[in-house]
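Input: a single structure, listed below in structure tokens.
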Amino acid sequence: MIVVTLVAASLAIISLDYRAGSQGPLEAAGRAVSSAIAPLQRAVSSVVQPIGNFFTSLGDLPRLAARNEELERQIRELKIQAQLNVELQRQIDSLEQLVGLKVIRQRSVAARVIGSGVSNFDWTITIDQGSNAGVTVDMPVVTGTAAAAELVGRVVRVTPVSADVELIIDRSSAVAGQLSTSHEAGIVLGQGDRDLRMDLLKAGIRFDPHEPESVITLGYEVNGQPGIYPPGLLIGTVSRAYSDPDAVDSFVTVRPAVDFSTLQHVLVLKGGRKDSL
Amino acid sequence: MVLVAVIVTALLLQTTVFPELTLLGVRPELLYLVTVVFAALQGPAEGAVVGFIGGLAQDFLLNTPKGITALTLTMLGYTVGLARQYITSPSPLLPAVLVALGTAGGVAFHQTVAFLLGEDPGPFSYLAKVILLTAIYGAILTPIFYPALRRAVAATHAGRVVRF
């Protein structure tokens with residue numbers, strides 16, 4: 001009876017994987033399948049994304065010309081800035097040599113988003129850089145520039161050529177964050193398709209309704225070990241505050257800074273664990 | 001070989017194209033669609049095999065305990081294959097209806113098992129929304145994919161040497 005066999009096989013796989021966690025033979029098989037499918041995903045998404053962009057940008061046509069002008073102006077400014085930076089870097093290098101100081105620099109890997117999670121209950125993306133590029137599990141993933149970074153999530157699985165990133169909106173994601181003006185700490189929890197929920201450690205914080213309050217990563221330490229995320233990455237802005245001075249616990253909802261549906265390029269921060277602060 | 005191509009294509013579309021083509025934020029469940037169509041055309045045993053292989057392939061891309069989708073789709077393929085033998089309706093809409101019902105039942109079953117294994121279920125409203133919209137989306141996509149899947153089924157028959 002083929003069905004009985006297959007059901008038994010499924011149950012065996014479930015219990016085996018449930019026990020083994022991320023070390024089991026099934027996880028290895030899963031990584032093999034993922035790395036086999038990654039080049040195909042990359043090929044398909046390089047065709048599909050421009051089409052998607054075209055339709056998204058149709059609605060934006062009136063704004064595109066102004067945006068283009070703005071970007072060109074920024075490029076000119078940045079070019080000048082870059083030249084200045086080269087000069088500054090040279091000065092820093094010589095000063096470093098002088099003092100013998102070793103500045104730890106955040107290194108990062110740029111990656112392209114080549115796919116999304118397969119299920120409606122998983123908020124993950126697949127990127128086209130893996131262990132070959134030095135990406136390992138738990139590395140923080142951001143977008144924007146390394147200087148003004150917006151938090152995307154963290155790496156949860158790597159293959160040689162790809163990596164799966166759990167977005168901060170995933171239900172199993174929890175990030176230590178703090179409010180930018182009051183510096184109150186809290187845990188930012190993923191809520192799937194809704195805004196993030198930030199459980200605050202202190203109740204009754206007052207918010208100025210006219211001033212958007214942003215939430216950044218806290219960069220805590222546990223037993224002398226820094227957390228996954230370096231401090232200061234932008235998570236989002238408070239979209240709704242439930243401020244009841246008498247409440248035992250209080251929370252706010254946070255709108256993520258990143259638009260995950262149109263995300264195409266990300267940076268994986270290497271050594272985020274060691275080099276933070 | 002044809003089956004592998006169908007499953008890989010479904011997974012690729014599911015992870016690259018359909019995240020951009022969502023129905024009110026929900027993407028379809030293409031592997032459920034493939035399983036139901038194969039089961040309806042070929043019967044319970046073949047449906048179970050297709051469901052198992054397709055489900056396992058999808059499980060490998062997930063971080064939840066692997067095997068849940070394989071279990072779901074094995075039983076879905078078997079059930080649809082069995083039920084199909086008792087349905088005599090000549091309606092051309094039958095595949096779409098089967099896909100809608102199969103997807104709704106399958107997603108509900110999958111999330112129940114995941115919940116029993118300790119996965120965070122999330123709010124019930126979101127689950128209900130996903131069940132409803134994946135069923136509707138599956139029904140919409142069935143007429144588009146049905147001809148190709150039927151040809152794939154015919155191809156697996158032609159090339160088959162060993163029968164289960």
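Numbers restart at 1 for each chain; the letters A, B, ... are given by sequence-line order, proteins then strands. What you see below is based on every heavy atom in this structure, not just the backbone, and it leaves out hydrogens, waters and symmetry mates.
When side chains are defined from C-beta on, A:Ser10 counts as touching B:Phe52, because their heavy atoms get closer than 4.5 Å. Counting only heavy atoms from C-beta outward, the side chains of A:Ile37 and B:Leu61 approach each other to under 4.5 Å. Looking at B:Thr16 and A:Ile114, their side chains never come closer than 4.5 Å, going by heavy atoms from C-beta outward.
Residues of residues 66-80 of chain B lying under 4.5 angstrom from chain A, judged on non-hydrogen atoms, are B:Lys66, B:Gly67, B:Ile68, B:Ala70, B:Leu71, B:Thr74, B:Met75, B:Tyr78 in numerical order. Contact annotation for residues 98-118 of chain B against chain A (heavy-atom separation below 4.5 Å, listed by residue number): B:Val107, B:Gln111, B:Leu117. Close approach to chain B, defined as a heavy atom under 4.5 Å from one of its heavy atoms, is seen in A:Asp164, A:Arg171 of residues 159-174 of chain A, taken by number.
Scored by the ring pair (Phe, Tyr, Trp, His ring centres under 6.0 Å) test, A:Phe121 finds B:Tyr126 as partners (sequence neighbours excluded).
Taking B:Leu11, B:Leu13, B:Leu12 one by one and counting their heavy-atom pairs under 4.5 Å with chain A, the maximum is reached by B:Leu12. Among A:Val3, A:Val118, A:Ile13, the residue making the largest number of heavy-atom pairs under 4.5 Å with chain B is A:Val118.
More than 12 heavy atoms of other residues, nucleotides or ligands shown are found within 6.0 angstrom of CZ on A:Arg112.
Put simply, the side chain of B:Arg27 gets close to the backbone of A:Gly117: a donor and an acceptor are under 3.5 Å apart.
In this structure, no portion of B:Thr22 lies under 4.5 Å from any heavy atom of chain A. For B:Val130, the part lying near chain A is the side chain, with the backbone staying farther off; criterion is any non-hydrogen pair under 4.5 Å. Contact of B:Leu31 with chain A is not made at all, since no heavy-atom distance falls under 4.5 Å.
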